[in-house]
There are 2 protein chains.
Amino acid sequence: MNNVHLYLLNEIDMGTAERKAREKKELKDLILAAAKKLFIAKGIEQTKIRNIADEINYSVGTVYVYFKDKNAILHDLHSLGFKQLGSEMRVLFAVEDPMERLKALGRVYINFALNNPDMYDLMFTLKAPLQFLDEVKNDQWNEGKATFGVLVQTVEDCIGRGHFKDHKLEPLSYAIWSTVHGLVSLQISERTKGACIMQPETIVTEAYEEFVKILMR
Amino acid sequence: MNNVHLYLLNEIDMGTAERKAREKKELKDLILAAAKKLFIAKGIEQTKIRNIADEINYSVGTVYVYFKDKNAILHDLHSLGFKQLGSEMRVLFAVEDPMERLKALGRVYINFALNNPDMYDLMFTLKAPLQFLDEVKNDQWNEGKATFGVLVQTVEDCIGRGHFKDHKLEPLSYAIWSTVHGLVSLQISERTKGACIMQPETIVTEAYEEFVKILMR
DNA sequence: TGCATAAATGAACAATGTTCATTTATATTT
DNA sequence: AAATATAAATGAACATTGTTCATTTATGCA
C-alpha cells in the first residue's frame with residue numbers, strides 16, 4: 001500500500017463517483033421529464049406516481065429514491081417553469097424604452113401562461129410546490145422573487161423616465177402583476193367560459209389591450 | 001272509501017310530504033353547514049367526508065344520500081358564497097356615482113376574498129365546483145355570470161357618464177375583474193410571502209389604491 | 001298490528017401516495 | 001477472480017379516503 005496505489009485508487013474513486021452522480025442526475029431528470037409530459041397530457045391530479053414510474057420503465061419505489069414525495073416533484077417542475085419564464089422575460093431587457101418593455105413583459109407573461117397552463121398553475125396557484133418549501137427549505141420563494149424583480153426593475157425604469165408620478169413602486173408593480181395574473185388565471189380556471197357573452201378565446205388579449213390603454217394614458 | 005276519506009287522506013299526505021321535504025332540506029343544510037365549518041377550520045382538501053359525517057353524527061352513507069359526491073357539496077357551497085358576495089355587491093347600487101360605486105365594488109370584493117379565502121378558492125379557482133356543472137347541469141355558470149354582470153353594469157354606467165372613452169365595455173370590465181382577482185388570489189395562494197420585501201399584510205390594499213389611482217386619472 | 005316505502009347505515013371496495021424489507025447490481029478489497 | 005461491502009432498484013404491503021350497496025332501521029299507511 002504505497003502512495004502511488006492510493007493515488008490511483010482515489011483517481012478511480014473520483015471517476016466512478018462523478019459518473020454515479022451524473023447517472024443519478026440523469027435519472028432524476030428522466031423522472032421530471034416524464035412527470036412534465038404526463039402533467040401536460042393528463043393534468044397534474046390525474047398523473048399518479050405509478051404512471052410516472054411506468055412511463056420510464058422503473059418501479060414506484062425508484063421514484064421515491066429520487067424524490068421525497070410528490071410535492072418534491074412538483075416543486076422541481078415549478079422551478080423549471082420559472083427558469084423558462086425568467087429567461088423569456090429577461091430577454092426583454094434588450095428593449096430600451098421601459099414602457100415598451102413593460103407592455104412586452106405582459107405579453108410574454110400571458111403567452112407563457114396560456115401556452116403552459118398546467119405549469120402556470122404549478123407556479124402561481126397550487127399550494128403543493130410551496131408546501132415543499134415549508135417542509136424542506138427555508139421560507140424564501142426565490143423563483144417568484146427573481147421574476148417579480150424583473151417587473152419591479154422595469155417599473156422603476158419607467159418612473160425614472162417620468163412615468164407613474166405619485167405612485168409607490170412596489171404596490172404599483174404588484175397591481176400590474178395582479179392584473180396579468182388575474183387575466184390568465186381566470187381563463188385557466190375556466191371562469192370565463194360560462195360568464196362572458198363574447199368568445200372566451202380572445203377575451204384575455206382584448207382585456208390586456210384595454211389595461212395597457214389605461215396604464216399608458 | 002268515500003270522497004271525504006280520500007280528501008282527508010290527501011290532506012295528510014300533503015302535510016307529511018311537506019314536512020318530509022322540509023326535513024330533507026334541513027339535513028342537507030346541516031351537511032352543508034358542517035362542511036363549510038370544517039373547510040374554514042381545516043381547509044377543503046383536509047376535510048374528509050367522514051369528518052363531515054362525524055360532525056353531524058350521521059354515517060358516511062347518509063352524506064351520499066343527500067349529495068351525489070364531494071363535488072356536489074363543493075358546488076352548493078360555491079353557490080352559497082356567490083349569494084353572499086352578490087348581495088354585498090348589489091347593496092352598492094345605492095351609490096349614485098358609478099365611479100364611486102366601482103371603487104367600492106373592488107373594496108367589497110377584496111374584503112370578501114380575504115375574509116373568506118377558502119370560499120373564494122371554491123368560487124374562483126378550484127375546478128371541482130365547475131366539474132359538477134359539467135357532469136350534472138348545463139354549461140352555464142350562472143353564479144359567475146350574475147356577479148360579473150354587476151361589474152359590467154357599473155362600468156357601463158361609468159361610460160354613460162363620459163368615463164372610459166374609447167374603451168370596450170366587456171374587455172375593460174374583465175380587465176378590472178382580473179386586477180382585483182389577481183390581487184387576492186396571489187395573496188390567498190401565498191405568492192406574496194417570500195416574494196415581496198414589504199409586509200404582505202398590506203400589499204393588497206396598497207396595490208388596490210395604486211390601481212384605483214390609475215383607473216380614475 | 002302488519003305492510004310498504006323511505007331513510008340511514010357501515011362494511012367493503014377501489015384508487016393512490018407512501019414505506020421498507022428484500023433483492024439485485026455495482027464497486028472495492030483481498 | 002472470488003468475496004465482500006455498498007448502493008440502487010424493487011414491489012408487496014400499508015394507510016388514507018372517496019364511493020357504493022346490500023342490509024337494517026324508521027316512518028307512514030291500511
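- Between I31(B) atom CD1 and dA8(C) atom P the separation is 9 Å, expressed in whole Å.
- Under 4.0 angstrom from either OP1 or OP2 of dA8(C) there lies at least one side-chain N or O belonging to Y66(B).
- In terms of phosphate contacts, T62(B) brings a side-chain nitrogen or oxygen within less than 4.0 Å of OP1 or OP2 of dT9(C).
- One can place CG of N57(B) at 11 Å from P of dG10(C), the figure rounded to the nearest angstrom.
- Note: OH (Y58(A)) to P (dG11(D)) measures 13 Å, nearest angstrom.
- Remark: K68(B) is not positioned above the aromatic ring of F132(B), lacking an NZ or CZ atom under 6.0 angstrom from the ring centre and at most 45 degrees off the axis.
- There is no side-chain donor-acceptor pair under 3.5 Å between E55(B) and N51(B).
- When rounded to the nearest whole Å, the span between CD of E23(B) and P of dA8(C) equals 9 Å.
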Problem - Chi angles and distances behind the salt bridge (charged side-chain N to carboxylate O under 4.0 Å, His left out) call for R50(B), D54(B) - result: CA-CA 6 Å; R50(B) 282 163 177 80; D54(B) 288 350; over 6 Å; no
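- A donor atom on one side chain and an acceptor atom on the other are found under 3.5 Å apart for T62(A) and S59(A).
- With no hydrogens or angles considered, a side-chain donor-acceptor pair links H181(A) and Y120(A) at under 3.5 Å.
- Contact between L130(B) and R191(A) at its shortest, heavy atoms only, is CD1-NH1, 3.6 Å.
- For the pair L27(B) CG and dA6(C) P, the interatomic distance rounds to 17 Å; values are reported in whole Å.
- A donor atom on one side chain and an acceptor atom on the other are not found under 3.5 Å apart for Q131(B) and E135(B).
- Between the P atom of dG11(D) and the CG atom of D54(A) lies a distance of 11 Å, rounded to the nearest Å.
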Exercise for the section: Begin from the C-alpha positions of R22(B) and E26(B) and carry the test salt bridge (charged side-chain N to carboxylate O under 4.0 Å, His left out) through to its verdict. Expected result: CA-CA 6 Å; R22(B) 193 187 63 236; E26(B) 279 171 0; 3.8 Å; yes
Shorter than 3.5 Å, N or O on both sides, protein versus nucleotides 21-24 of chain C: list them out with atom names.
none

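- The CD1 atom of I44(B) sits 16 Å away from the P atom of dT17(D) (whole-angstrom rounding).
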Check the interface with nucleotides 15-19 of chain C: list each N/O to N/O pair with the protein under 3.5 Å, or write none.
unit_1, atom_1, unit_2, atom_2, d
dT16(C), OP1, K48(A), NZ, 2.9
dG17(C), OP1, K70(A), NZ, 3.2
dG17(C), OP2, I49(A), N, 3.0
dG17(C), N7, R50(A), NH1, 2.7
dG17(C), O6, R50(A), NH2, 2.9
dT18(C), OP2, Y64(A), OH, 2.8
dT18(C), OP2, K70(A), N, 3.0
dT18(C), O5', Y64(A), OH, 3.4

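- Within 4.0 Å of I73(A), counting heavy atoms only, lies no atom of the nucleic acid at all.
- Using a 4.0 Å heavy-atom cutoff across all strands shown, I52(B) reaches no nucleic acid atom at all.
- The minimum heavy-atom distance linking A195(A) with K145(B) is given by the pair O-CG, 3.6 Å.
- At whole-Å resolution of the value, CD1 in I56(B) and C1' in dT9(C) are 13 Å apart.
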